[in-house]
Amino acid sequence: MKFQLAFRFDVSMNASFVISRVTGSPYHVAMLFDDECIEAVAGAGVRSIGRAERLEVGDWKIRTVNATPDGVAAAYAFARSQIGKRYDYPGVLYAWALGRIAGEGFAWWWYCSKIAARCVIISGAYSARHRAAYFTPARLFRIFPE
């Protein structure tokens, strides 16, 4: 199984515009496991959607997460176990209003880069000295250059 991160750069005048002002560009990151996309989305929480369906609209850049097969399997199992969990509005708003990363009070609510970073860390592909809430889509994008 392949583990990739898909970073979205285009924005429209809706919630993505507000989120992009908070996190910078790219404004969204989704996890790709072969033909499945798992992501945290405002209004839906953590969901699974087909890769092709998710990537057909928007300006996306794909980066491969170089992890062992066991690491990828662990990241995938964790991501799947989070499907249906809530979107972390307080975490995003806290960062926007105060310019700080939210504490662990909302540890099991997710925004896109928080769950993606947690899965990258679980996979063993990146040793973070920060908790997953530290990562924005832009910070993750800088970790995985072409």
Side-chain angles (χ1 to χ4, degrees), residues 1-65 67 71-144:
M1 174 178 290
K2 186 183 258 189
F3 179 15
Q4 296 175 303
L5 297 176
F7 295 92
R8 189 166 180 181
F9 284 82
D10 61 309
V11 296
S12 57
M13 293 304 288
N14 58 21
S16 64
F17 177 78
V18 173
I19 292 169
S20 70
R21 295 303 117 219
V22 174
T23 64
S25 184
Y27 82 92
H28 183 67
V29 59
M31 296 170 291
L32 305 174
F33 296 95
D34 290 339
D35 291 333
E36 182 178 10
C37 172
I38 300 174
E39 62 184 343
V41 179
V46 180
R47 69 178 186 174
S48 173
I49 187 171
R51 174 191 181 112
E53 181 181 356
R54 185 62 182 115
L55 300 180
E56 77 181 349
V57 175
D59 178 18
W60 297 89
K61 294 189 182 357
I62 310 299
R63 299 293 185 262
T64 298
V65 177
V72 172
Y76 180 66
F78 179 79
R80 295 273 318 151
S81 76
Q82 299 307 299
I83 292 172
K85 298 279 176 88
R86 295 177 66 172
Y87 188 81
D88 188 5
Y89 290 103
V92 171
L93 293 174
Y94 188 81
W96 183 43
L98 302 176
R100 298 183 182 160
I101 302 305
E104 291 300 328
F106 301 101
W108 299 109
W109 294 4
W110 302 104
Y111 45 86
C112 65
S113 56
K114 183 177 168 186
I115 192 168
R118 178 69 61 93
C119 288
V120 167
I121 293 165
I122 287 170
S123 78
Y126 181 74
S127 297
R129 59 186 174 101
H130 302 286
R131 63 185 182 271
Y134 169 80
F135 292 91
T136 62
R139 284 182 175 139
L140 279 174
F141 187 72
R142 286 191 297 270
I143 291 169
F144 294 97

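Heavy-atom basis, side chains included; hydrogens, waters and symmetry copies ignored.
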Exercise for review: Could you list the residues that satisfy side-chain hydrogen bond (donor to acceptor under 3.5 Å, both in side chains) with Arg63, not counting sequence neighbours?
Suggested key: none

Practice item. Please report the shortest heavy-atom distance between Ala40 and Trp110, naming the atom on each side. Key: CB-O, 3.7 Å

Review point. Can you name the residues that form a side chain to side chain contact (heavy atoms under 4.5 Å, CB included) with Ala116, not counting sequence neighbours?
Key: Leu5, Val29, Met31, Leu140

Check your understanding: Can you name the nearest heavy-atom pair linking Phe144 to Thr64, along with the distance?
Key -> CD2-O, 3.9 Å

Revision key, fill the gap. To the nearest 0.5 Å, atom CD1 of Ile38 lies from atom CZ of Phe3 at 9.0 Å

Review point. Among all residues two or more places apart in sequence or in another chain, which pass the side-chain hydrogen bond (donor to acceptor under 3.5 Å, both in side chains) test with Arg86?
Key: none

Exercise for review: Report the distance from atom CD of Glu39 to atom CD1 of Ile83, rounding to the nearest 0.5 Å.
Suggested key: 10.5 Å

Exercise for review: Starting at CG of Leu32, measure out to CE of Met1 and round the result to the nearest 0.5 Å.
Suggested key: 11.5 Å

**Study point:** Non-hydrogen atoms of Lys2 and Val72 that approach each other most closely
**Key:** C-CG1, 4.5 Å

Study note, to complete from the structure: Looking only at heavy atoms, the pair that brings Cys119 and Ala79 closest together is SG-CB, 3.8 Å

**Study point:** Non-hydrogen atoms of Ala75 and Ser123 that approach each other most closely
**Key:** CB-CB, 4.0 Å

Point to revise | Ring-face cation contact, Trp109 with Arg118, 6.0 Å cut, 45° max | key: no

Point to revise | Partner of Glu36 under side chain to side chain donor-acceptor pair (under 3.5 Å), chosen from Arg80, Arg54, Arg51 | key: Arg80

Check your understanding: So how far is it from Lys114 NZ to Thr136 OG1, rounded to the nearest 0.5 Å?
Key -> 14.0 Å

Point to revise | Value rounded to 0.5 Å, distance of OG in Ser81 from CH2 in Trp108 | key: 7.5 Å

Review point. Are the side chain of Tyr89 and the backbone N or O of Gly43 linked by a donor-acceptor pair below 3.5 Å?
Key: yes

Side-chain donor-acceptor pairs of residues 55-62 under 3.5 Å, sequence neighbours excluded:
residue, atom, partner, partner atom, Å
Trp60, NE1, Val57, O, 2.9

Practice item. List for me each residue that meets side-chain hydrogen bond (donor to acceptor under 3.5 Å, both in side chains) alongside Lys85, sequence neighbours excluded, and say none if there are none. Key: Gln82

Review point. With sequence neighbours left out, what residues match Tyr76 under ring pair (Phe, Tyr, Trp, His ring centres under 6.0 Å)?
Key: Phe33

Check your understanding: Heavy atoms, side chains only, cut-off 4.5 Å: are Phe135 and Val120 in contact?
Key -> no

